[in-house]
Every structure is written in structure tokens, then in C-alpha cells.
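What follows is a single structure, written as C-alpha cells, with notes after it.
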Amino acid sequence: MNDIKVAVLGGEGVGKSALIVRFLTRRFIGEYASSSECIYRKRMSVDGRQLNLELYDPCSQPCEGKSTLNEQIHWADGFVVVYDISDRSSFITATAIVHLIRELNLGAAKRESESVVFLVGNKQDLCHMREVGKEEGQRLATDGRCQFYELSAAECYQEVALMFTKLVRNASVSGKAKERRRRPSGSKSMAKLINNVFGKRRKSV
Ligand SMILES: Nc1nc2c(ncn2[C@@H]2O[C@H](COP(=O)(O)OP(=O)(O)OP(=O)(O)O)[C@@H](O)[C@H]2O)c(=O)[nH]1
């Protein structure tokens, strides 16, 4: 399997775009356009194999042709479910998403192997404002059969890159043959990504 589809899911403002942009450009910009959902493409070499990675970044705002969470889950081979360690409500959202992914897995025919799910507590640099304990994240990860990371898109490129690379490796090995449902709309090249990052619509930190 050479095409790996990864959806980065989570509540509003948890740092989904920041994590993706960090991984793709090594940079943390601080403000990200968020008016449309999009898919970023990257060709990468993992263990000597060439893979085509598609990274889906949802839009938290209502937008035209927006895909549903169910559609996003059916589309992807692997998931990064993100919450903000300084925002308890984002952890509740992440919990619901992990459970939904596992429920939909159960509903799917047994021929499919399980999705690869990584749970990420982002904004570790804000640990002085922490509302979600590390052990709570670990517990959810164990319950949901996820790998667990606490990291900071703002402060650390290496951990972000390692996390995505491991996810892609695991998803490529799991060989999940998905029935492709409606694909989340929008597709952006790296040039568009840069436009998006420096685009018209900015959010403040
Ligand atoms: N301190 C800190 N701030 C972060 C970190 N990651 C993201 N942010 C900030 O959190 C805010 C939201 O980041 P985004 O990447 O836009 O979050 P998102 O989940 O894509 O947001 P939506 O698309 O609106 O749901 C921005 O102001 C970022 O600068 C982090 O690791 N630490």
C-alpha cells in the first residue's frame, strides 16, 4: 500500500493546523487560516519505501461542502486525535472522537484491520495552565488502543515529525483496505499551504 491517508481530528483551536504545518514546513507560525477543510500531500520515504501521504485538516467553522466526522473517519487509514492539555473541553471532544473511531471500526466488516490512532495532548508548553493530567491522556489512549503523545507544536519539531512518521509507518504496515467513501473536499499543494498559512484569514494566538 503506497497511499496513506491520515486525518488530524480534534476540537476547535487545539493546534491541528499547527501540528500539520510544523510537520510539513518545520515551522511554527502561530496563526493559521481555517476557513476551509483541506488535504495536504507529501511524498515520503519510510524504511526505504516511497509513500504518498495525504493529510486531512478539517475546518472547525461551517464551510461549503464540509465533510462529516463519519465521512472523515471512513476516509482515513490513520488518525491523529488532538486535544489541548490546557483545555478540558477539548479532551472531552477527543474522547468522543476516539470512541467513535473504535465504534465505526466495530461496525465495519471484520475483514478490515483496525485503524491506527494516535492520541496527542498538544500545547505541552502551557503545562502551567494544565487542565488535563498526563495520566488521563494515557488512560484514554489505553482504553481506545491508541499510542499516546504529549508534545508542543510550538516548541518541538522533532517530536512532531517522529509522531507523524511513526503513524505513517504503522498505517502502511496495518494495510487497512478501506472502502473509500466520499472524500473530504479540497486539496492543496505545498504552494497552497504556504498561501494558507500567510493567507487572508488569520487567527490570533
Ligand atoms: N502555546 C501553544 N499554542 C499553540 C500550540 N499549537 C497551536 N497553538 C496555537 O493555538 C491556536 C490554534 O491553533 P490551530 O493550529 O489554528 O488550531 P486548529 O485546531 O487547527 O484550529 P481550528 O482549525 O480553528 O479548529 C493558534 O493560535 C496557535 O498558535 C502549541 O503547541 N502551544
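Read the numbers this way: they start at 1 and go in the same order the structure lists the ligands and their atoms. The shown structure was predicted, so the numbers you read here are calculated from the model rather than taken from an experiment.
- Only the side chain of N122 comes within 4.0 Å of ligand 1, counting heavy atoms alone; its backbone N, CA, C and O stay farther away.
- Within the 4.0 Å heavy-atom cutoff, G10 does not count among the residues contacting ligand 1.
- Using modelled atom types, one finds no donor on one side chain facing an acceptor on the other under 3.5 Å when comparing D84 with N122.
- Comparing heavy-atom distances from atom 12 (C) of ligand 1 across A154, G11, S17, G13 singles out G13 as nearest.
- Checking side-chain atoms of R102 against main-chain N and O of I97 turns up no donor-acceptor pair under 3.5 Å.
- Between F79 and F118, the gap from one ring centroid to the other reaches at least 6.0 Å.
- The A153 neighbourhood of ligand 1 comprises atoms 6 (N), 31 (O), with distances under 4.0 Å to a heavy atom of that residue.
- Backbone and side-chain nitrogen or oxygen atoms of V14 are examined, and one is located within less than 3.5 angstrom of a nitrogen or oxygen of ligand 1.
- With rounding to the nearest 0.5 angstrom, the OG atom of S45 is 5.0 Å from the CD atom of Q50.
- Note: no N/O pair closer than 3.5 Å links D57 and ligand 1 by distance alone.
- At a cut-off of 3.5 Å, with distance as the only test, a side-chain donor of Q72 or Y56 sits close to an acceptor on the other residue.
- By the criterion of a heavy-atom distance under 4.0 Å, neither the backbone nor the side chain of L19 is placed next to ligand 1.
- In this structure, M129 belongs to a hydrophobic cluster whose other members, linked by side-chain heavy atoms under 4.5 Å apart, are L126.
- Nearest to atom 30 (C) of ligand 1 by heavy-atom distance, out of E12, K123, E31, is K123.
- Geometrically, K123 does not engage Y83 in a cation-pi contact, judged by NZ or CZ lying under 6.0 Å from the ring centre and within 45° of the ring axis.
- Ligand 1 places these atoms under 4.0 Å from at least one heavy atom of D125: 1 (N), 2 (C), 30 (C), 31 (O), 32 (N).
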* Evaluate the salt bridge (Lys or Arg N to Asp or Glu O under 4.0 Å) criterion for residues R22 and E159: first the C-alpha distance (whole Å), next the side-chain angles of each, then the deciding distance (0.1 Å), finally the verdict. => CA-CA 10 Å; R22 201 35 147 166; E159 287 178 20; over 6 Å; no
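- Listed by number with element, the atoms of ligand 1 under 4.0 angstrom from any heavy atom of A18 are 6 (N), 7 (C), 15 (O).
- Checked against salt bridge (Lys or Arg N to Asp or Glu O under 4.0 Å), R88 has the following partners two or more places apart in sequence or in another chain: E136.
- Between G15 and ligand 1, at least one pair of N/O atoms sits closer than 3.5 Å.
- Ligand 1 places these atoms under 4.0 Å from at least one heavy atom of L126: 1 (N).
- Contact atoms of ligand 1 toward G30: 26 (C), 27 (O), 28 (C), 29 (O) (distance under 4.0 Å to a heavy atom of the residue).
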